[in-house]
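This report refers to the structure that appears directly beneath it.
Below, all heavy atoms of this structure are taken into account, side chains as well, without hydrogens, waters or symmetry copies.
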Amino acid sequence: MLDLTARRVLIFGGGDVGARKAAFFEHEAEVTVISRSFSPDLDGLAIRRQETDLSALPDEALRGGFLSGAFLAVAATPDSGLNDRIGRLCAEAGVLFNNAAGEPGDVTIPSVVRGQPLPRRDQHPRKESRRFAVPPHET
């Protein structure tokens, strides 16, 4: 189990998936959502927003500007190539990583879908096991 109290969590992508991930972490961590646009679902959450076009940033800007001091990063953009790039940079920087779409990261975050059944595990197989899991919590 990870203690995220006062830890810095970055969410790359401000769409629906990024909003769900931000809502998951907002009560325990210092959450920053980085995106060129933001879902209305982020309104009212205790998070920071950083507006930027991630696809236009060079690796050094991501590594030094955003990942420095981060504990966990979640790639939640619709671009799996960009998500994978963020994952590689996290691995280099020693930042724990979860990938919503692309190569698996080293952290599992449970899906939370209210009022709908979750997909069966065999419908979404992962290539490798994770080292860490973030437990679900009650809101």
Side-chain angles (χ1 to χ4, degrees):
M1 187 158 124
L2 296 175
D3 179 9
L4 298 173
T5 305
R7 300 279 188 142
R8 195 161 158 244
V9 174
L10 305 176
I11 312 291
F12 291 95
D16 294 339
V17 175
R20 284 194 305 273
K21 303 296 185 178
F24 183 82
F25 289 111
E26 73 158 326
H27 299 290
E28 298 180 38
E30 296 175 12
V31 177
T32 302
V33 178
I34 305 153
S35 184
R36 64 178 171 216
S37 62
F38 300 93
S39 167
D41 292 339
L42 290 164
D43 295 346
L45 296 182
I47 61 161
R48 292 186 201 123
R49 297 177 193 214
Q50 176 73 44
E51 187 174 344
T52 191
D53 183 356
L54 293 167
S55 62
L57 289 178
D59 287 356
E60 188 50 46
L62 282 169
R63 189 181 302 112
F66 290 111
L67 295 178
S68 179
F71 180 73
L72 170 67
V74 177
T77 78
D79 181 344
S80 62
L82 175 58
N83 291 350
D84 292 345
R85 179 176 152 226
I86 292 167
R88 284 189 299 276
L89 293 170
C90 285
E92 292 171 11
V95 174
L96 295 175
F97 177 67
N98 172 263
N99 197 346
E103 291 295 318
D106 50 5
V107 173
T108 299
I109 300 171
S111 295
V112 178
V113 181
R114 303 223 189 299
Q116 298 177 23
L118 294 174
R120 290 190 337 252
R121 188 171 194 76
D122 62 342
Q123 289 176 325
H124 298 282
R126 290 292 192 172
K127 294 178 187 172
E128 58 189 65
S129 63
R130 304 309 194 295
R131 294 184 297 170
F132 301 97
V134 178
H137 64 279
E138 295 296 318
T139 56

Counting C-beta onward and ignoring hydrogens, is there a side-chain heavy-atom pair between [X] and [Y] closer than 4.5 Å?
X	Y	answer
Arg85	Asp59	yes
Phe25	Leu72	yes
Arg8	Leu10	yes
Arg7	Glu28	no
Phe66	Leu57	yes

Is a donor on one side and an acceptor on the other found under 3.5 Å between the side chain of [X] and the backbone of [Y]?
X	Y	value
Thr52	Leu54	no
Asp84	Glu103	yes
Glu26	Ala46	yes
Asn98	Val107	yes
Asn83	Ala101	yes
Asp106	Leu96	no

Looking at [X] and [Y], what are the two nearest heavy atoms and their distance?
X	Y	result
Gly14	Val33	CA-CG1, 3.8 Å
Asp41	Ala19	CB-CB, 3.7 Å
Ser55	Leu82	N-CD2, 4.2 Å
Val95	Ala73	CG1-N, 3.8 Å

### Query
With sequence neighbours excluded, what pairs up with Glu92 under the salt bridge (Lys or Arg N to Asp or Glu O under 4.0 Å) test?
Arg63
### Query
When you check the side-chain N and O atoms of Thr5 and Asp3, is any donor under 3.5 Å from an acceptor?
yes
